[in-house]
Protein chains: 2
Amino acid sequence: MHLELSTFSGSIKGGIFLKDPATSTLGWSILTNSIEIIDEVGFEQFTFRKLATKMQSTEASIYRYFENKHKLLLYLSSWYWSWAEYNLALRNANLSSPQQKLLHAIEQLASPTKVNYNGMDIGRLYQVIVRESSKAYLIKEVDQLNRNGLFYNYKKFVSILSQLILEIKSGYAYPHMLVTTIIEGIHHQRFFSEHLPSLTDMPLEGESLADFYYSLAMAAINQKTDDLHTSSTILQTLTAE
Amino acid sequence: MHLELSTFSGSIKGGIFLKDPATSTLGWSILTNSIEIIDEVGFEQFTFRKLATKMQSTEASIYRYFENKHKLLLYLSSWYWSWAEYNLALRNANLSSPQQKLLHAIEQLASPTKVNYNGMDIGRLYQVIVRESSKAYLIKEVDQLNRNGLFYNYKKFVSILSQLILEIKSGYAYPHMLVTTIIEGIHHQRFFSEHLPSLTDMPLEGESLADFYYSLAMAAINQKTDDLHTSSTILQTLTAE
DNA sequence: TGTATTTTAATAGTAATACTATCATAAATA
DNA sequence: TATTTATGATAGTATTACTATTAAAATACA
């Protein structure tokens, strides 16, 4: 297991960074320290000045790696999805059942392995992803970033899960919607259960969270054709009751 | 309809504002203009200076209504949920079927009425909600804000839909999770279909989006007990295949 | 109608943020 | 050893996110 882990290296698109932080100790320090600060103070309060101070480096040095803190967040997010993809492939390598593969994927999304990878605290990165990752794309510049392929890693992960869905139910019409609903749903429920519990149900641990979304996926996939209506036919059915 | 509309007034918790913007023309102007600017430049680039310039007023005047731009966003979000609740109640007033009520709720979430309420462009507010509303709670200060009851309106709306779910299927264990999954899901799909289409399926209009989530809700609710497993039993089932 | 009170505008100012630029030095590499 | 590259140190600018003060305008109220 450890051997495989050490062979992993996130493949992040240039364009996110000015200089790849994965290629130097200072760069790697930017990543690990930024995770800690963002986790502690939140992305809004996170500044390159705070990061530089913590790292005992300078703002100027950080700016040589990233244009701004948003690109750094995008890097962390991309790295996470690259890691998630790698880890999932490892875990599912010698399985054939797409159901089981999907279950593993959902379990991993709901409670990731809390390992430490070269000083990078994956559990903490997960915390950051849960609270901050949607801010990487819910922005005005999203189209421009997307044109440059900067959401590649997230899209790739979604695409892999969508493929799994189609293996389970060939011809299912909404694999991508289902997958993104599950992913973002898991993140939201994780956040809600900790901070806004009345928006969830009971203290949900990673396991039961995974159960809920796996069941949801299966229910959606295995829905009888009779259950699928358009708004108008649904309304007719209901009015006829 | 117009009469009813004019009787609506959002009930927003004090604590979000310093002085209720709904009680003065300047305050109302802050709301309508901020929606336009946030829609145009995004919440990150939105500043009270830009707002003051557009309104032909001053920063100091705006600061008398809101502590900061985040509280203003929270106000817009609360106002939206208050409006959504009011509108839904109106639409469902003389219906009895909880299924139909839920369908109406989901349809409204997926494509809100594009009316203009006292100069407030609801369609534009909806755009802002889709892209920005999660930033109102995905922050480090969430617990403190929540202790002061500042997420009341969103919680209330979620609670109403959860009640509907329980009317449809008494005893269903996860009404809140299902509801927030649907709400945030709708917003995400709306955003994705416009900006990251590979994360959705086909060009989804409001109607088909509503269909997808209504079907999802029904599938989750009407799931046979046999379909509900814990992770361990799921794994056993799968391994046995 | 006049006076008191509240609301807004105008202006100024401060600390922090988000950068850019320059130069020196250390480390790596050729 | 020479040369490139990476980092550090320092400085500086425009913008942001406010706070404070005073004056004018609008409103309430007696």
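The sequence lines fix the lettering, A, B, ..., with proteins before strands; numbering per chain opens at 1. FYI, side chains are in, hydrogens and waters are out, and symmetry mates aren't considered; it's all heavy atoms of this structure.
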For the pair made of CH2 in Trp28(B) and P in dT7(C), what is the distance, rounded to whole Å? 19 Å
For the residue pair Thr58(A) and Ser61(A), confirm or rule out a side-chain donor-acceptor distance under 3.5 Å. yes
Could you tell me whether Arg124(B) and Glu40(B) make a salt bridge, using a distance below 4.0 angstrom between a side-chain N and a carboxylate O? yes
Candidate nucleotides dA6(D), dT16(D), dA9(C), ranked by approach to the side chain of Lys19(A) - the nearest: dA6(D)
Whole angstrom is fine here: how far is it from CZ in Arg49(A) over to P in dA17(D)? 16 Å
dC18(D) P sits how many Å from Glu44(A) CD, rounded? 13 Å
Examine dA9(C): is either OP1 or OP2 under 4.0 Å from a nitrogen or oxygen in the side chain of Ser57(B)? Give yes or no. yes
5' precedence on DNA chain D between Ala60(A) and Gln45(B) (nearest-nucleotide basis): Ala60(A)
Whether the Lys155(B) and Asn146(B) side chains hold a donor-acceptor pair (N or O, under 3.5 Å, no angle test) is what I'd like checked. yes
Tell me the interatomic distance from Asp20(B), atom CG, to dT7(C), atom C1', rounded to whole angstroms. 15 Å
Check every atom of dA17(D), dG8(D), dA9(C) against the side chain of Thr47(B) and return the nucleotide holding the closest atom. dA17(D)
Rounded to whole angstrom units, what separation is found between the NZ atom of Lys71(B) and the P atom of dA17(D)? 15 Å
Under 30°, 30 to 60°, or over 60°: which ring-plane class applies to Phe48(B) and Tyr63(B), parallel, tilted or perpendicular? perpendicular
Salt-bridge contact Arg91(B)-Glu107(B) (side-chain N to carboxylate O under 4.0 Å): yes
In whole Å, what is the span from the CZ atom of Phe46(B) to the C1' atom of dT15(D)? 16 Å
Value in whole Å for how far the P atom of dT8(C) lies from CD of Gln56(B): 16 Å
Checking contacts here: which listed nucleotide (dT8(C), dC19(C), dT7(D)) is nearest the side-chain heavy atoms of Asn68(A)? dC19(C)
What is the nucleic acid contact for Tyr65(B), judged by heavy atoms within less than 4.0 Å: base, sugar-phosphate only, or nothing? sugar-phosphate
Closest listed nucleotide, where the reference is the side chain of Lys69(B) and the choices are dA18(C), dT7(D), dA17(D): dA17(D)
Which nucleotide sits closest to the side chain of Glu59(B): dA17(D), dT8(C), dT7(D)? dA17(D)
Select base, sugar-phosphate, or nothing to describe what Tyr63(A) touches, counting heavy atoms under 4.0 Å on all strands. base
State whether Ser61(B) places a side-chain N or O below 4.0 Å from either non-bridging phosphate oxygen (OP1 or OP2) of dA9(C). yes
Nucleotide dT4(D), atom P - distance to CZ of Arg64(A) in whole Å: 18 Å
